[in-house]
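We use all heavy atoms of the structure for the numbers below, so side chains are in, but hydrogens, waters and symmetry mates are not. Start at 1 and go down the list; that is how both ligands and their atoms are numbered.
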Amino acid sequence: MQTSWIPFVPDSASTVSGKVDALYFYLSGVTVFFTLLISGVLIFFVIKYRRRNPFEIPRPIDGSHKLETLWSVIPFIIAMSMFAWGAQIYFENSRPPQNANEIYVVGKQWMWKIQHSTGQREINELHVPVGRKIKLIMTSEDTIHDFFIPAFRIKTDVLPGKYTTQWFEATVPGKYHLFCAEYCGMNHSGMIGSVIVMQPTDFDNWLSGNASQQSPAVAGQQLFQSLGCVSCHGGSGEGGRGPELAGLFGRKVFLSNNQTLTADEAYIRESIENPGAKVVSGFNPIMPTFQGQVTPEQLIQIISYIKSLPGEGAKPATGAPASATSPTTTSSPAGASATPAKK
Ligand code: CUA
């Protein structure tokens with residue numbers, strides 16, 4: 001654990017936490033400086049210009065354009081510096097880097113369900129390696145929650161029917177608080193957990209030591225078969241009733257309404273739950289909705305499978321799709337039933 005260089009703030013353990021603290025320190029400094037300046041000047045003038053006898057009549061004041069310009073321009077510059085600095089940190093914080101390891105988070109009343117891309121599940125605990133970029137892909141099963149790790153200075157709403165992301169890179173091994181920061185019902189205050197930051201080698205050991213479960217992509221592949229997706233999105237490309245999904249993720253998609261978008265998690269999710277919303281150019285809107293038929297976790301698994309399908313001439317995955325991130329991917333066919341391990 002490492003405490004911050006500023007008093008009264010939480011542990012500081014990510015690459016952005018120092019930057020956030022510096023901005024806060026600046027905001028507090030400006031506030032304290034002007035509070036002291038204004039109250040000091042106020043007291044000084046009260047004494048200096050006090051009424052000295054009952055018949056004293058003060059001189060009239062006409063005002064000063066110079067002074068008024070000065071006290072408008074200076075606060076404007078200060079306010080814009082806060083805005084620019086804050087925006088810069090905000091953008092850095094809200095754009096996950098391309099090469100980040102992905103971890104899935106599902107909030108529900110009143111717990112955090114977490115799954116690593118290699119299949120390991122955790123509840124109210126998040127194990128991460130130090131010095132690696134981690135991207136969280138988050139959704140909720142019920143109401144709005146908010147994933148808050150004070151030591152990392154990150155906090156993002158987790159919404160039903162939507163994916164939100166946040167990312168971080170932990171810098172100091174240790175155990176840190178994880179909170180739900182959105183009132184979500186009776187046991188909101190109990191929706192807490194721990195983030196355990198480990199050395200990379202310890203983390204890899206931890207991952208392989210818990211490798212009893214399927215990766216989300218493998219579970220997703222089974223759902224893809226059992227739900228019948230494969231019969232239209234077979235991947236042959238020829239005579240398919242639905243669009244080819246191999247290499248879809250991150251690719252530009254042309255829609256029947258002449259719009260173009262880039263296929264991301266939100267688009268794939270919408271296409272599963274509300275297939276008629278954005279139909280790919282050249283296809284008929286014949287796909288049935290799967291809303292209510294798959295849990296949020298199964299949805300994540302299917303999306304994870306689609307993401308794992310290689311694009312551009314490569315053959316669609318058959319066995320265990322590579323889930324890219326961990327050196328210890330183990331998808332034993334022994335544990336081969338889709339295990340949504342709910343509740
Ligand atoms: Cu979940 Cu508050």
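At a threshold of 4.0 Å, the pair E169-R132 does not count as salt-bridged, since none of the basic side-chain nitrogens sits closer than that to a carboxylate oxygen. With respect to E102 and K135, a salt bridge is recorded, a charged nitrogen being found less than 4.0 Å from a carboxylate O.
If you look at E182 and ask which of its N, O or S atoms sits nearest atom 2 (Cu) of ligand 1, the answer is O. Distances from atom 1 (Cu) of ligand 1 to the N/O/S atoms of H145 are shortest for ND1.
Computed with atom 1 (Cu) of ligand 1 at the centre, the M191 SD to C184 SG angle is 110°, stated to 10 degrees. For the pair ND1 of H188 and SG of C180, the angle at atom 2 (Cu) of ligand 1 is about 120°; rounding is to 10 degrees.
Between the side chains of H188 and Q109, not a single donor N or O lies within less than 3.5 Å of an accepting N or O.
With a cut-off of 2.8 Å, atom 2 (Cu) of ligand 1 has no N, O or S atom of D146 in range. Because the distance cut-off is set at 2.8 Å, Q109 fails to qualify as a neighbour of atom 1 (Cu) of ligand 1, as none of its N, O or S atoms comes that close.
Nearest approach of I154 to F168, heavy atoms of both residues: CD1-CD2, 3.5 Å. Scanning both residues, L223 and C229, for their nearest heavy atoms gives O-SG, 4.4 Å.
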